[in-house]
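Take a look at the structure below.
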Amino acid sequence: MTHDTFQRRLRYAMVGGGRDAFIGAVHRKAIALDGQVELVAGALSSSPEKAKASGRDLFLADDRNHGDWRALLDDELKRPADERIDFVSIVTPNHVHFPVAHAFVEAGFHVVCDKPLVHTGDQADALVDAVARKGTVFGVTYNYTGYPMVRQAREMVRSGELGEIRKVVVEYNQGWLATRLEGEGNKQAAWRSDPARSGAAGAIGDIGSHAENLVATVTGLEIESLCADLSSMVAGRALDDDGSVLLRFRGGARGVLIASQINTGLENDLRLRVSGSLGTLVWRQERPSELVHLPLDGPKRILTRGAPWLCEAAQRASRLPAGHPEGFIEAFANVYGGVAADIRARLSGVQADALAADYPHVEDGARGVRFIERTVASAHGEAKWTAW
């Protein structure tokens, strides 16, 4: 890489995330936060008219504002290498993830994709194989891994501070689908409750995949088998809106995972408790700057974001001094920052610094798809336990 490559922002295109979309705007704000990456192209809706109108809203140049993702890819491939995007961000409903991600990887582009990664294990395996063959960067936006105190918890568990892990409880509780919003014209509820677009699962795919990833990220535990109960509590709903899963991990630890979107009045209540032979950690997404540590042989302590005694991974993930709140968008930004660091390193022909390039990979997304498939199979099957 020449010196001037370091002097420019990385360039990205977005697929999905146009007018009336929720998560696309979150991604764009997060990507822009550190000033290292700029949006230069897009195909921002499945409707060509809405796609182009959305691109004009974001001041995209006319020749890079496309009506569909295939036109976007074709245009980028025709451009000189020094004008092309460095990566594409995919923020569409789930059913569009695979064709777009696979096409861009096969064309040699780096990719960031929202979760859950794809609909089936076969699609996930195909993506993993394509990324390995092409040598591209592929990030999956499990954004909760970007919180500084999640990274602090990961370091404490992995370094043995909790001893042997015995019990993990993770809950992701929301209330926004306590009524049948999909029948009232709510776009977000409509596609998330539609099997053709969402996939085989509802709540367990939408937020349960986040819960599974949080457990895997912090503890490193691998699921051995699971026992799931999925329900559609709201009449007329095709996919689950409530799920409870018992987990058995390799090595003997046990776990409970709850993912529910019908807990009336709850907002975004993601919480994790990890208990080992030497202590317990507790983290809540709605109070993300605090990590509660309850050691076996000492008093309870509350660790806070930005404190100088936190691990380096947690320190790097903070932008502001302690006491100044950081949250959801900053966590997203940390995931994108990790992807950007990896892309820059590869453009330079060097190995990325592990702490800088800290983000969920395509393999994490593929594991999440397997979790969804096994959970649905368990809920619909007669066996008490379903092997991983």
Side-chain angles (χ1 to χ4, degrees), residues 1-2 5-6 8-18 23-24 27-28 30-32 36-46 51 55 58 60-61 63-115 117-118 123-142 332 335-350 352 357 359-366:
M1 185 173 84
T2 61
T5 306
F6 285 106
R8 70 166 176 86
R9 295 175 178 175
L10 296 181
R11 299 179 289 263
Y12 82 100
M14 180 166 279
V15 175
I23 204 64
H27 282 250
R28 289 192 295 271
I31 295 168
Q36 298 297 303
V37 185
E38 62 180 333
L39 178 68
V40 299
L44 299 171
S45 174
S46 58
L58 298 172
L60 292 181
D63 64 339
R64 301 191 88 162
N65 183 20
H66 302 284
D68 65 77
W69 67 266
R70 294 174 184 83
L72 166 64
L73 177 57
D74 289 344
D75 179 65
E76 290 300 321
L77 288 173
K78 293 174 184 175
R79 292 180 177 273
D82 61 354
E83 292 182 11
R84 292 178 184 173
I85 58 170
D86 294 294
F87 70 92
V88 62
S89 175
I90 303 168
V91 294
T92 65
N94 303 344
H95 68 294
V96 184
H97 290 181
F98 178 73
V100 180
H102 193 261
F104 273 86
V105 169
E106 288 290 353
F109 289 98
H110 305 302
V111 173
V112 179
C113 186
D114 212 353
K115 43 54 55 192
L117 181 62
V118 289
Q123 290 176 337
D125 291 341
L127 270 184
V128 171
D129 290 344
V131 169
R133 181 163 34 84
K134 290 292 186 176
T136 54
V137 170
F138 196 112
V140 183
T141 49
Y142 291 110
F332 259 107
V335 172
Y336 273 102
V339 170
D342 199 357
I343 292 174
R344 287 186 183 277
R346 295 189 188 206
L347 289 172
S348 304
V350 300
Y359 64 94
H361 293 250
V362 66
E363 292 83 3
D364 298 292

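Just so it is clear, the model here is predicted, and its values are computed rather than measured. Side chains are part of it too, since the values below use all heavy atoms of this structure and drop only hydrogens, waters and symmetry mates.
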Problem set entry | Phe87 vs Val137, side-chain contact (heavy atoms from CB on, under 4.5 Å): CA-CA, chis, key distance, verdict | CA-CA 9 Å; Phe87 70 92; Val137 170; over 6 Å; no

Problem set entry | From Thr92 atom OG1 to Leu44 atom CG, the distance as rounded to the nearest 0.5 Å |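 The distance works out to 11.5 Å.
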
Problem set entry | Nearest-0.5 Å distance, CZ of residue Phe109 to NZ of residue Lys134 |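 So the CZ of Phe109 and the NZ of Lys134 are separated by 11.0 Å.
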
[X] side chain near [Y] side chain, heavy-atom distance below 4.5 Å:
| X | Y | result |
| --- | --- | --- |
| Thr136 | Val111 | no |
| Val105 | Val362 | no |
| Arg344 | Leu10 | yes |

For this session: Kindly determine whether Met14 and Leu39 satisfy side-chain contact (heavy atoms from CB on, under 4.5 Å), including the steps that lead there.
Result: CA-CA 7 Å; Met14 180 166 279; Leu39 178 68; 4.0 Å; yes

Exercise. Only one of Val91, Val15, Asp114, Leu117 clears side-chain contact (heavy atoms from CB on, under 4.5 Å) with His97; which?
Worked result: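 That would be Asp114; it is the only one of Val91, Val15, Asp114, Leu117 passing the side-chain contact (heavy atoms from CB on, under 4.5 Å) with His97.
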
Problem set entry | Partner of Arg84 by side-chain contact (heavy atoms from CB on, under 4.5 Å), out of Glu76, Arg11, Lys78 |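 With Arg84 as partner, side-chain contact (heavy atoms from CB on, under 4.5 Å) holds for just one option, Glu76.
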
Main chain of [Y], side chain of [X]: is a donor-acceptor contact present, judged purely on distance under 3.5 Å?
| X | Y | answer |
| --- | --- | --- |
| Arg28 | Leu58 | no |
| Lys115 | Thr141 | no |
| Arg346 | Gly135 | yes |
| His102 | Leu127 | no |

Considering all heavy atoms, the nearest [X]-[Y] contact:
| X | Y | value |
| --- | --- | --- |
| Val335 | Tyr142 | CG2-O, 4.0 Å |
| Glu106 | Ala130 | OE2-CB, 3.8 Å |
| Glu83 | Arg64 | O-NH2, 3.1 Å |
| Trp69 | Ala43 | N-CB, 3.6 Å |

Exercise. Listed by chain and number, what are the side-chain contact (heavy atoms from CB on, under 4.5 Å) partners of Asp63, not counting sequence neighbours?
Worked result: Ala61, Arg79

For this session: Under the side-chain contact (heavy atoms from CB on, under 4.5 Å) rule, collect the residues that match up with Ser45, sequence neighbours excluded.
Result: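 side-chain contact (heavy atoms from CB on, under 4.5 Å) check on Ser45 returns Ser47, Lys50, Ala51.
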
For this session: Could you check Leu72 against Ile85 for side-chain contact (heavy atoms from CB on, under 4.5 Å), going step by step and ending with a plain yes or no?
Result: CA-CA 10 Å; Leu72 166 64; Ile85 58 170; 5.5 Å; no

For this session: Before accepting this row, confirm whether a basic side-chain N of the pair Arg8/Asp82 lies closer than 4.0 Å to the acidic partner's carboxylate O.
Result: no

For this session: Only counting residues at least two apart or in another chain, list the ones meeting salt bridge (charged side-chain N to carboxylate O under 4.0 Å, His left out) with Asp364.
Result: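 So Asp364 forms a salt bridge (charged side-chain N to carboxylate O under 4.0 Å, His left out) with Arg367.
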
Exercise. Would Leu73 and Phe104 satisfy side-chain contact (heavy atoms from CB on, under 4.5 Å), going step by step from the backbone distance to the final call?
Worked result: CA-CA 7 Å; Leu73 177 57; Phe104 273 86; 3.7 Å; yes

For this session: Look at the rings of His27 and Tyr336 and say which category their plane angle falls in: under 30° parallel, 30 to 60° tilted, over 60° perpendicular.
Result: perpendicular

